[in-house]
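The analysis underlying the following values was restricted to heavy atoms, covering all of them including side chains, and did not include hydrogens, waters or symmetry mates.
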Number of protein chains: 2
Amino acid sequence: MIDVHGLAESRLRTDGQRYTRNRRALVEALDQADGPMSLPQLLQRHRQLAQSSAYRNLAILEGAGVVHRIVTSDGFARFELAQDLTAHHHHRICSTCGSVEDVTLPDALEATLEEALRRVATRSRFRAPSHQLDLIGMCRACG
Amino acid sequence: MIDVHGLAESRLRTDGQRYTRNRRALVEALDQADGPMSLPQLLQRHRQLAQSSAYRNLAILEGAGVVHRIVTSDGFARFELAQDLTAHHHHRICSTCGSVEDVTLPDALEATLEEALRRVATRSRFRAPSHQLDLIGMCRACG
DNA sequence: ATGAGTGCAAAGGCTTTGCATTAGG
DNA sequence: CCTAATGCAAAGCCTTTGCACTCAT
């Protein structure tokens, strides 16, 4: 188990930032979610959060390496905890409704993927610290 | 070699749409590009195109299955030809400047990936006709 | 007291839409 | 001719920013 809040606090402190109640609420929500969340989803979960502050805090958390922002085609940015605060995973994106769920690959495949991508990156002189694999399709609700 | 324009025309016709000069210019530009293009990039390549018409035509081409839209973190949507009009490929995205380049994986890895994703999709009752694998990193210009 | 954090409202920036004009069949 | 397509301008929508207020140290 990872001490998400402890890490979040220390990383913010490194950036000269505080771990306020609002920021803790955001991290808490992202930690409990089973996929990246859009801002409307986050606000719905914590009604007291102001929209602008939420965006601002997410940007600050992103800068501190606590939160990772991804974009989907439905117009809303999605936020999740940085990969080293969670288990490495991939996304299942519904092309109809834009929902995103986490999914993990079998270890063997993940290792193969990792190794092959390292080769591709090296060959092309592209510094690739991370890869992102998304399954595009239709979720059960839409399908 | 794929007859991109012929396929584009017939798919548009199926949708009750015409293959006009502007639409042909867009398809031509995307076919010659070596990666997904943003609207500013497309307009720069074909100066006579109007912004609104370009967006509208790209949406129509997307609806007809000729063009595929992807989003990156720099705010601009990117457009590329649909996967069945091009060779299957992946993307190398620069997290600093947002540029996107095409990259192809070794056949063996691609096959492994394909098979494993099929299993993942099946197990989760997620209809996934396609996957999208992106390398996130820093391009040579920014790195 | 002093600077960071907050929240409301307004502004930004990419994309879409309304509407009059043009062009293709 | 008649409908689709075009282009300009205006509106939309998610996100960011300005500014005054509050809170923690």
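The backbone N or O of A:Phe76 sits less than 3.5 Å from a side-chain atom of A:Asp74, completing a donor-acceptor pair.
Using a 4.0 Å cut-off, no side-chain N or O of A:Ser52 falls inside it from OP1 or OP2 of D:dT17. At D:dT6, one or more side-chain N or O atoms of B:Thr20 fall inside 4.0 Å of OP1 or OP2 (strictly under the cut-off). Phosphate contact (OP1/OP2 of D:dA5, side-chain N/O of B:Arg56, threshold under 4.0 Å): absent. Close to C:dG5, at under 4.0 Å from its OP1 or OP2, lies no side-chain N or O of A:Asn22.
Looking at which nucleotide of DNA chain C each of B:Arg78 and A:Leu49 is closest to, the 5′-most match is held by A:Leu49.
Atom CD of A:Gln17 and atom C1' of C:dG5 are 9 Å apart (whole Å). The distance from atom CD1 of B:Ile60 to atom C1' of C:dT16 is 12 Å, rounded to the nearest whole Å. The OH atom of A:Tyr19 sits 14 Å away from the P atom of C:dG5 (whole-angstrom rounding). The CZ atom of A:Phe79 sits 7 Å away from the P atom of D:dT16 (whole-angstrom rounding). With rounding to whole Å, B:Phe76 atom CZ is found 4 Å from C:dC14 atom P. Rounded to whole Å, atom P of D:dA5 lies 11 Å from atom CG of B:Leu61. The separation between B:His46 atom NE2 and D:dT6 atom P is 14 Å, rounded to whole Å. Put simply, CG on B:Asn57 is 15 Å from P on D:dA4, counting in whole angstrom units.
Using modelled atom types, one finds no donor on one side chain facing an acceptor on the other under 3.5 Å when comparing A:Asn22 with A:Thr20.
Among the protein residues, B:Ala59 comes within range of no part of the nucleic acid, since none of its heavy atoms lies under 4.0 Å from any strand. Residue contacts shown for B:Gln51 include a base, since a base heavy atom lies under 4.0 Å away.
With hydrogens and angles ignored, no donor-acceptor pair closer than 3.5 Å exists between the side chain of A:Arg21 and the base of C:dG5.
B:Ile93 contributes atom CD1, which lies 13.0 Å from atom NE2 of A:His131 (distance to the nearest 0.5 angstrom).
Side-chain proximity of B:Arg23 to D:dT6, C:dT16, C:dG5: nearest is D:dT6.
By the neighbour-count criterion of 12 heavy atoms within 6.0 Å, atom CG of B:Asp3 is densely surrounded, having more than that number from other residues, nucleotides or ligands. Counting heavy atoms of neighbouring residues, nucleotides and ligands inside a 6.0 Å radius, atom CZ of A:Arg13 does not exceed 12 of them.
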